[in-house]
Amino acid sequence: MKKKNEMVELAVETKDGTFVATYSEKGLCGLEFPNGRTRKGNGAMPSAQIKKWHGQTTQALKGALRGEVARALPPIDLSAGTEFQKSVWRTLRTISAGRTLSYGEVAKKIGKPRAVRAVGGACGANPIPVLVPCHRVLAANRRIGGFSGGLDWKRRLLEREGAKDFTLALGA
DNA sequence: ATTTCTGGCCTGA
DNA sequence: TCAGGCCAGAAAT
């Protein structure tokens with residue numbers, strides 16, 4: 001932990017539930033899937049800057065849940081991760097909607113073809129699911145692999161994006 | 001085809 | 001240092 005930056009949490013209402021976006025002074029730095037507990041917006045007063053970002057996040061998230069490509073994204077603050085993780089996350093952001101890569105391919109793209117498992121770890125540590133498309137990374141052979149936020153989410157997101165080239169490796 | 005085990009690499013404790 | 005993870009590939013069933 002570095003310093004106690006003024007993190008601001010704001011709710012994002014969607015048809016799929018209430019997400020919680022977290023902002024630092026650099027931009028969006030976290031996003032949580034709906035998990036029942038409706039944590040209300042803390043007392044902190046969001047600056048005009050953050051409100052603007054939140055508007056973009058809200059629009060982008062809703063669009064993503066419908067399988068659309070976001071037009072505008074707020075700046076994303078990935079400074080919380082290690083260099084390795086940041087390089088992985090950067091790579092994830094280059095994957096366009098509806099397309100998928102395998103953990104092995106991501107590993108190769110960042111110059112560490114053997115670090116496939118570490119890539120998995122970085123994906124799991126991704127603070128901003130959906131907008132940083134960790135769900136577009138599949139295991140080899142197009143199997144769906146795992147997902148911290150719940151496999152159902154990963155599957156749903158991929159289906160809505162129209163990514164048909166993956167296997168539900170869970171019985172099918 | 002599916003299960004098991006081994007290799008390899010990054011984290012957090 | 002050590003265990004473990006959203007894996008991959010080979011070997012064994």
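Chain letters run A, B, ... following the sequence lines, proteins first, then strands; residues in each count from 1.
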For A:Phe147 and A:Phe33, take the angle between the two ring planes, folded into 0 to 90°, and tell me which bin it lands in: parallel under 30, tilted 30 to 60, perpendicular over 60. perpendicular
Can you name the nearest heavy-atom pair linking A:Gln56 to A:Pro74, along with the distance?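 Nearest heavy atoms, A:Gln56 then A:Pro74: OE1-CA, 3.3 Å.
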Quick check: closest heavy atoms across A:Trp89 and A:Ala125, and the distance to 0.1 Å?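 The answer is CZ2-O, 3.4 Å.
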Would you jot down, in residue-number order, the residues of residues 118-136 of chain A having a non-hydrogen atom under 4.0 Å from DNA chain B? A:Ala118
For [X] and [N], what is the distance between atoms [atom1] and [atom2] respectively, to the nearest whole Å?
| X | N | atom1 | atom2 | value |
| --- | --- | --- | --- | --- |
| A:Leu151 | C:dG5 | CG | P | 15 Å |
| A:Arg143 | C:dC7 | CZ | C1' | 11 Å |
| A:Leu101 | C:dC7 | CG | P | 16 Å |
| A:Lys86 | B:dT11 | NZ | P | 11 Å |
| A:Arg142 | C:dA8 | CZ | P | 10 Å |
| A:Lys108 | B:dG8 | NZ | C1' | 15 Å |

Main-chain N/O of A:Val137 paired to A:Lys154 side chain as donor or acceptor, under 3.5 Å: yes
Run the side-chain contact (heavy atoms from CB on, under 4.5 Å) check on A:Leu92 and A:Arg136 step by step: do they pass? CA-CA 8 Å; A:Leu92 298 186; A:Arg136 293 182 192 142; over 6 Å; no
All N/O pairs under 3.5 Å across the protein-nucleotides 2-7 of chain B interface:
from	atom 1	to	atom 2	distance (Å)
B:dG7	O6	A:Arg117	NH1	3.2

Below 4.0 Å: OP1/OP2 of B:dC10 and any side-chain N or O of A:Thr82: no
Taking it one step at a time, do A:Arg155 and A:Ile144 satisfy side-chain contact (heavy atoms from CB on, under 4.5 Å)? CA-CA 8 Å; A:Arg155 187 167 50 231; A:Ile144 196 166; 4.1 Å; yes
Bracket string, DNA chain C, 5' to 3' - pairs by Watson-Crick or G-U geometry under 3.5 Å, | interstrand: |||||.|||||||
Around atom NZ of A:Lys108, are there more than 12 heavy atoms from other residues, nucleotides or ligands closer than 6.0 Å?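 Incorrect, the count does not exceed 12.
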For A:Lys112, report the nucleic acid contact type (base, sugar-phosphate, nothing); a contact means any heavy atom under 4.0 Å.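 The residue A:Lys112 makes sugar-phosphate contact but no base contact.
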Mind checking A:Phe84 for me? I need base, sugar-phosphate or nothing, with any heavy atom below 4.0 Å counting as a touch. sugar-phosphate
Check the pair A:Val130 / A:Trp153 against side-chain contact (heavy atoms from CB on, under 4.5 Å), numbers first and verdict last. CA-CA 9 Å; A:Val130 186; A:Trp153 272 106; 5.9 Å; no
Under 3.5 Å side-chain donor-acceptor pair for A:Ser79 and A:Asp77: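 Yes - a donor-acceptor pair under 3.5 Å links their side chains.
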Supply the atom-to-atom distance A:Tyr23 OH to A:Thr57 OG1, rounded to the nearest 0.5 angstrom.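 The OH atom of A:Tyr23 sits 3.0 Å away from the OG1 atom of A:Thr57.
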Begin with the C-alpha distance, continue with both residues' side-chain angles, and end with the deciding distance and a verdict on side-chain contact (heavy atoms from CB on, under 4.5 Å) for A:Asn141 and A:Thr167. CA-CA 8 Å; A:Asn141 307 127; A:Thr167 306; over 6 Å; no
